[in-house]
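Notes follow once the structure below has been shown.
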Amino acid sequence: MHDYIAASIGGILIGAAALLLMASHGKIMGISGIVSRLLPPLAIDWQWRLAFVAGIIAAPLAWRAASGTMPAIEISASTPMLIIAGAIVGLGTTLGNGCTSGHGVCGVSRLSKRSLVATGLFMASAIVTVAINTQLLGN
């Protein structure tokens, strides 16, 4: 399957999942918020959150069953760099009251002003990070 077709199918499925969650539970599909409320103190509506995360974990297995191969994953950063990056993303999603899925997929599609600003900041941060990583650090 061509990469563009796979990416298009993935985008359609992400949009469908966000729409289904909003229609069925009235919730925004922000992964960081969904996962963080599975940690103590456990949210009262933890069941759907756990099912959602289980679906995220099971999706590559469904892909393998359909295509016969696992999605290619290439990680070139070191473990310390991944830990630092994860901590910074966690801090950013906490300060921004959401992540790329919540603001970028759900918020932008609803024309939320704060999501438009947050998504712009996410993209600017990513551009600066890549520039620093490739131009200054030589990775």
List, one per line, each side-chain donor-acceptor pair under 3.5 Å for residues 8-25, sequence neighbours excluded.
unit_1 : atom_1 : unit_2 : atom_2 : d
S8     : OG     : Y4     : O      : 2.8
S24    : OG     : L20    : O      : 2.8

Pairs under 3.5 angstrom only: tabulate donor-acceptor contacts from the side chains of residues 72-91 to other protein residues two or more places apart or in another chain.
unit_1 : atom_1 : unit_2 : atom_2 : d
S78    : OG     : M81    : N      : 3.3

Rounded distance (nearest 0.5 Å) linking atom CD1 of I28 with atom OG of S115: 7.5 Å
Could you name each residue pair satisfying side chain to side chain donor-acceptor pair (under 3.5 Å) that touches residues 51-63, not counting sequence neighbours? W63-S67
Can you pull the ring-ring contact (aromatic ring centres under 6.0 Å, His included) pairs that have at least one residue in residues 99-132, sequence neighbours excluded? none
Are V105 and F52 linked, directly or through other ILVMFWY residues, by side chains that come within less than 4.5 angstrom of each other? yes
Solution key, residues 31-42 side-chain donor-acceptor pairs under 3.5 Å, sequence neighbours excluded:
unit_1 : atom_1 : unit_2 : atom_2 : d
S36    : OG     : S32    : O      : 3.1
S36    : OG     : G33    : O      : 3.1
R37    : NH1    : G33    : O      : 3.0

With clusters defined by side-chain heavy atoms of hydrophobic residues (ILVMFWY) lying less than 4.5 Å apart, directly or transitively, does L136 cluster with V128? yes
Return all side-chain donor-acceptor pairs below 3.5 angstrom for residues 43-50, not counting sequence neighbours, or 'none' if the list is empty.
unit_1 : atom_1 : unit_2 : atom_2 : d
D45    : OD1    : R49    : NE     : 3.0
D45    : OD1    : R49    : NH2    : 3.4
D45    : OD2    : W48    : NE1    : 3.0
D45    : OD2    : R49    : NH2    : 3.3
W48    : NE1    : D45    : O      : 3.2

